[in-house]
Amino acid sequence: MNEVLEFLKNCKVFFVATAEEGKPKVRPFSFVMMHEEKLYFVTGNQKPFFKQIQANPEIEICGTSQKMEWIRLSGKAVPDSRLEIKQRAFEESPFLKNNYKSVENPVMECFYLGEAKADFCKIDGSSKTVVL
């Protein structure tokens with residue numbers, strides 16, 4: 001799990017794919033944290049992304065390192081609205097605090113990646129899979 005977290009943080013920006021009406025939708029993300037051995041992400045519940053994961057929680061994440069190695073991470077987006085998760089996210093990212101102002105902001109939604117699997121691929125073509 002730490003290897004996945006470190007890789008995503010080093011990417012700076014990674015991309016999260018969902019589906020809407022059978023069509024893929026991809027957008028950039030930059031925040032990820034680990035809590036209770038789970039990878040957590042944050043979004044706003046007024047965004048199309050949030051509606052998409054409610055309708056179909058299966059997502060895929062992809063990121064590339066500066067060495068042109070990449071990760072593909074798949075799993076289910078599982079909502080977690082505990083205030084302690086939101087507080088931890090604020091501590092990890094001042095950017096989130098600027099956007100949402102308070103952990104009690106009803107727009108801020110946290111979710112973790114459940115039933116996850118990560119594929120790491122190196123420039124030499126070698127790869128490995130990690131089940132989280």
Side-chain angles (χ1 to χ4, degrees):
M1 185 72 74
N2 286 330
E3 184 179 11
V4 173
L5 177 69
E6 183 179 326
F7 194 98
L8 290 174
K9 283 191 171 198
N10 286 333
C11 287
K12 305 290 186 219
V13 175
F14 48 90
F15 296 87
V16 182
T18 59
E20 182 176 70
E21 297 178 11
K23 307 262 184 193
K25 301 292 180 185
V26 180
R27 79 274 300 140
F29 265 63
S30 60
F31 175 77
V32 60
M33 71 175 189
M34 190 178 335
H35 185 73
E36 298 172 341
E37 296 300 314
K38 297 175 185 143
L39 292 175
Y40 276 85
F41 306 86
V42 174
T43 192
N45 61 20
Q46 298 172 335
K47 295 180 178 181
F49 174 81
F50 184 73
K51 291 173 182 63
Q52 291 158 7
I53 63 173
Q54 284 185 307
N56 178 358
E58 296 285 341
I59 64 173
E60 191 161 89
I61 297 168
C62 189
T64 304
S65 73
Q66 291 182 356
K67 295 190 265 184
M68 296 308 293
E69 297 173 345
W70 56 275
I71 187 172
R72 183 175 48 225
L73 178 62
S74 59
K76 289 187 178 182
V78 180
D80 189 339
S81 59
R82 293 180 290 164
L83 287 179
E84 73 181 75
I85 301 300
K86 292 179 178 185
Q87 184 61 47
R88 175 88 190 281
F90 271 21
E91 291 166 7
E92 295 247 347
S93 175
F95 176 77
L96 291 175
K97 193 170 188 175
N98 288 340
N99 279 0
Y100 295 107
K101 308 297 183 216
S102 165
V103 295
E104 295 175 3
N105 184 335
V107 172
M108 182 180 177
E109 300 286 348
C110 298
F111 65 94
Y112 66 87
L113 196 60
E115 300 176 33
K117 177 182 88 162
D119 295 311
F120 291 92
C121 299
K122 296 190 179 262
I123 189 108
D124 64 7
S126 64
S127 64
K128 77 175 180 178
T129 299
V130 178
V131 177
L132 309 176

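Reckoned from all heavy atoms, side chains included, excluding hydrogens, waters and symmetry mates. All of these numbers come straight from a predicted model, not from anything done at the bench.
Under the rule for a salt bridge (Lys or Arg N to Asp or Glu O under 4.0 Å), the partners of E36 that lie at least two apart in sequence or sit in another chain are R82. Among residues two or more places apart in sequence or in another chain, the salt bridge (Lys or Arg N to Asp or Glu O under 4.0 Å) test is passed with K25 by none. R72 pairs by the salt bridge (Lys or Arg N to Asp or Glu O under 4.0 Å) definition with D119, not counting sequence neighbours. The salt bridge (Lys or Arg N to Asp or Glu O under 4.0 Å) check on K51 picks up nothing, with sequence neighbours excluded.
Listed by first then second residue, pairs satisfying ring-ring contact (aromatic ring centres under 6.0 Å, His included) with a partner in residues 39-83 read F29-F49, Y40-Y112, F41-F111, F49-F111, not counting sequence neighbours. Sorted by first and then second residue, the ring-ring contact (aromatic ring centres under 6.0 Å, His included) pairs involving residues 113-132 (not counting sequence neighbours) are F7-F120.
The only member of K23, R27, E58 that meets side-chain contact (heavy atoms from CB on, under 4.5 Å) when paired with T18 is R27.
For the atom pair NZ of K76 and CD1 of I59, the computed distance is 12.0 Å after rounding to the nearest 0.5 Å. To the nearest 0.5 angstrom, Q66 atom CD is 9.5 Å from C11 atom SG. To the nearest 0.5 Å, the span separating CD on E60 from CG on L73 amounts to 8.5 Å. Note: K122 NZ to K67 NZ = 6.0 Å, rounded to the nearest 0.5 Å. Here the straight-line distance linking atom SG of C121 with atom CD1 of I123 works out to 11.0 Å at 0.5 Å rounding. Here the straight-line distance linking atom CD of E109 with atom CD of Q46 works out to 10.0 Å at 0.5 Å rounding.
In this structure the side chain of L96 never reaches within 4.5 angstrom of the side chain of K86, judged on heavy atoms. Using a 4.5 Å heavy-atom cutoff, the side chains of V4 and L132 are in contact. Looking only at side-chain heavy atoms (C-beta outward), V42 and M108 come within less than 4.5 Å of each other. Taking 4.5 Å as the limit, every side-chain heavy atom of F14 sits out of range of all side-chain heavy atoms of I71. Residues P28 and V13 meet the side-chain proximity criterion, which asks for heavy atoms closer than 4.5 Å. Using a 4.5 Å heavy-atom cutoff, the side chains of L39 and I61 are not in contact.
In terms of hydrophobic clustering, with Ile, Leu, Val, Met, Phe, Trp and Tyr side chains grouped at heavy-atom distances under 4.5 Å, I53 and V26 are assigned to different clusters. Linking ILVMFWY side-chain heavy atoms closer than 4.5 Å, directly or via other members, places L5 and F90 in two distinct hydrophobic clusters. Under a hydrophobic-cluster definition in which Ile, Leu, Val, Met, Phe, Trp and Tyr are linked whenever side-chain heavy atoms come within less than 4.5 Å, directly or via other members, M33 and F95 are assigned to different clusters.
In this structure, A19 and N56 approach most closely via the heavy-atom pair CB-ND2, 4.4 Å. Taking all atoms of both residues into account, the shortest heavy-atom contact from K9 to V32 is CE-O, 3.3 Å.
Atom NZ of K38 has more than 12 neighbouring heavy atoms from other residues, nucleotides or ligands inside a 6.0 Å radius. Shown here is Q54, whose CD atom has more than 12 heavy atoms of other residues, nucleotides or ligands within 6.0 Å.
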Quiz item: Hey, mind stepping through E92 and H35 against side-chain contact (heavy atoms from CB on, under 4.5 Å) and telling me if it holds?
Solution: CA-CA 11 Å; E92 295 247 347; H35 185 73; over 6 Å; no

